[in-house]
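Step one of this worksheet: look at the structure below.
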Amino acid sequence: MTTEQAQKRIAELSEKIHYYNHRYYHDSVSEISDYEFDKLLEELEALEKQYPEFALPDSPTQRVGGTITKEFVQVRHKYPMLSLGNTYSEGELIDFDQRVRKLLGSQSFEYVCELKWDGVALSMTYRDGLLVQGVTRGDGEQGDDITANIKTIRTLPLRVQADKLPKEFEVRGEGFMSREVFDSLNEEIAEENEKREKEGKKLLNYLANPRNAASGTLKMQDSAVVAKRKINAYIYDLLCEENPFATHTESLDYLKKIGFQVSPHYRKCSNLSEVFAFIKEWETKREHLPVDTDGVVIKINSYAQREELGFTAKSPRWAIAYKYKAESAATELLSISYQVGRTGAVTPVANLRPVKLAGTTVKRASLHNANEIARLDLHEGDTVFIEKGGEIIPKITGVDIGKRKIGAPQIHFIKNCPECNTPLVRNPGEAAFYCPNEKGCPPQLKGKIEHFIGRKAMNIDSIGGKTVDLFFEKGMIRTPADLYQLRQEDILALEGFKELSSQNIINGIEASKNQPFSRVLFALGIRFVGETVAEKLADYFRNIDALAAADKDTLINVPEIGEKIADSIIAWFSDAENRAYVERLRAAGVQLATSGSREMLSDKLAGKTFVISGVFKKYEREALKELITRHGGKNVGSVSSKTDFLLAGDGMGPAKLEKAEKLGVKIISEEDFEQLIAG
Ligand code: IVH
């Protein structure tokens, strides 16, 4: 194929695929089979790969994703994305209507009622007819640029012919995951978990609800995965400099005409009773929609009147959201259980007489913490009201005091750990009670082991939570270091383990010895040392002994390490048991140093200690620290008699300067420093 032929074919294929897409998503007509469609798409993908210069900016291959975005760029909204005033009561709608009437005087006006879709607000910019940017709401002022992910939404046109609209315009709408897609993804997870259960591997979490699933999906880094999750969107707004239309419904009709999937089922209402009728009609009908809704949005139709009504600080005066009440039920409180997590935090859970609520049977409700028990003033045997919010686990919203039995004792939060009986403690300013017995409380010990084997830590995926439980109950492991002492015959002796499964476990443990030092550091479970901090520490100290020996000054000089983290690291290494634990890991052959040494540039600064202060013209502070280290020097945070140089930039703190002068520490500039390391 010649270059010209390739270019021509790419244009031809793009055109064809756009056409079939439009027929399918817009007109619900399949003119060709899925197989034929996929063939066309594959051919286009292959050609674009070979001749990327000819790929069109609205190429339909963008629908299948493939772009990896490491970090989403924040962009400022041209028009802020405001939120709506919310109400659950008809009375407040009457108030809203009266406010509108007062402000509009004698003018007649029209409302538009729309369903309030329960997803995520999205804003899409079109320039010269091309979809150029898709952004999340964020804080309303600025959001994340998720363009690649948004382009996977098949009902959203990549190019439109919008002759009536200005060169640039925005459409806004709700991104969502349909109930059907949500259910099928959870089914896939269930199937995968069944497999994992058999193999003793860690189970995947289920998606909590379609809204969280949609918002989580749209923030994924790999747009090819997003494409598979079939996010969809309903458009409910048009924004541009000079809107050629006089009303909202005219805009919606036009958007529909040029190919957008406009939010369906909206209706013009000329008075409040029509609004109430819409609300009532959809209260039950909404259950049969393919998408979750949580209310109705009531908007003034005329743009001129919207302008007259204006905005309050947070939301427009020309619109309001009526929210349907979450379904609630009443049932008896049977007892309260207390669960202890990996960090020792104790969470109360209410056990309830089973009751039907919004389609499922509820047996438990979360109570969050001790304050919640006190706030509800729970008594034994109380009849409680429960509601399903956004979360899967319902919550208790109140007590039916009329049903309380005389003399029923009040419920108080427990004083001792339900697992190990240690008296619980509460840190000042925190709501949770903790069991301080981190070295002896079984769920905390098991939690630490589970953290240690986790995917982002030692990645021992041949062991799952159930296996940890079993090994722990049998007394085979108590700390993560014990894993390295497990023998295959010990595992084989347990019921349910065969040659293969036990060998798998041993192999997984063995393989974890190759996990890099940064992962090991994360696996130790030092408070505040998450994945990123562990990487920074590993990169800086290169081995565990250097880290263990570091004082606070040295620690806070590491990029991104603050006092809180430094204190926690020092406390951890000052504990003899922790040090013994590290030694056992060392003996087992776990990586306690970064392999390969940092590329040194010279030893010109060997034995010299630097304090950096102020802002520099040529270098970022981190870059200077890096240079000092790579020339053999050492960075510390504050000036002392042991400091050799104070590397001073603009706006340096006067106290540091004074101290350096008093102690006779040499004060050098950026240029002086360059001299030191030159040659
Ligand atoms: S209109 C000025 N219409 O509800 C705000 N919003 O607080 C204009 N939502 O997160 C919003 N369905 O994403 C509008 N038909 C609809 C909607 C809708 C859902 C969401 C919106 C935002 C929230 C409003």
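First listed ligand is number 1; within each ligand, the first listed atom is number 1.
Heavy-atom proximity to K299, at under 4.0 Å, picks out these atoms of ligand 1: 1 (S), 3 (N), 14 (C).
For K116, heavy-atom contacts with ligand 1 shorter than 4.0 Å involve the backbone as well as the side chain. Counting heavy atoms under 4.0 Å from ligand 1, residue V297 touches it through the side chain alone. The proximity of Y236 to ligand 1, defined as any non-hydrogen pair under 4.0 Å, is limited to the side chain. Neither the backbone nor the side chain of V120 comes within contact range of ligand 1; no heavy atom lies under 4.0 Å. When heavy-atom distances to ligand 1 are checked against a 4.0 Å cut-off, M81 has no atom that comes that close, whether in backbone or side chain. The parts of A121 lying near ligand 1 are both backbone and side chain, judged by heavy-atom distances below 4.0 Å.
Between E170 and S123, the side chains place a donor N or O and an acceptor N or O closer than 3.5 Å (distance only, hydrogens not considered).
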- Start with the C-alpha gap between F245 and Y303, add the side-chain angles, then the distance that decides, and say whether ring-ring contact (aromatic ring centres under 6.0 Å, His included) holds. CA-CA 8 Å; F245 304 107; Y303 287 140; 8.2 Å; no
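Between V296, L84, L82, it is L84 that holds the heavy atom closest to atom 24 (C) of ligand 1.
At least one N/O-N/O distance between E114 and ligand 1 falls below 3.5 Å. Residue E174 has at least one N or O atom closer than 3.5 Å to an N or O atom of ligand 1. Between W117 and ligand 1, at least one pair of N/O atoms sits closer than 3.5 Å.
You'll find the ring centres of F522 and H451 inside the 6.0 Å limit. Taking the centre of each ring, F278 and Y322 stay at or above the 6.0 Å mark.
Between L158 and H18 the shortest side-chain heavy-atom distance falls below 4.5 Å.
With respect to the salt-bridge test (charged N to carboxylate O, under 4.0 angstrom), the residues E141 and R76 qualify.
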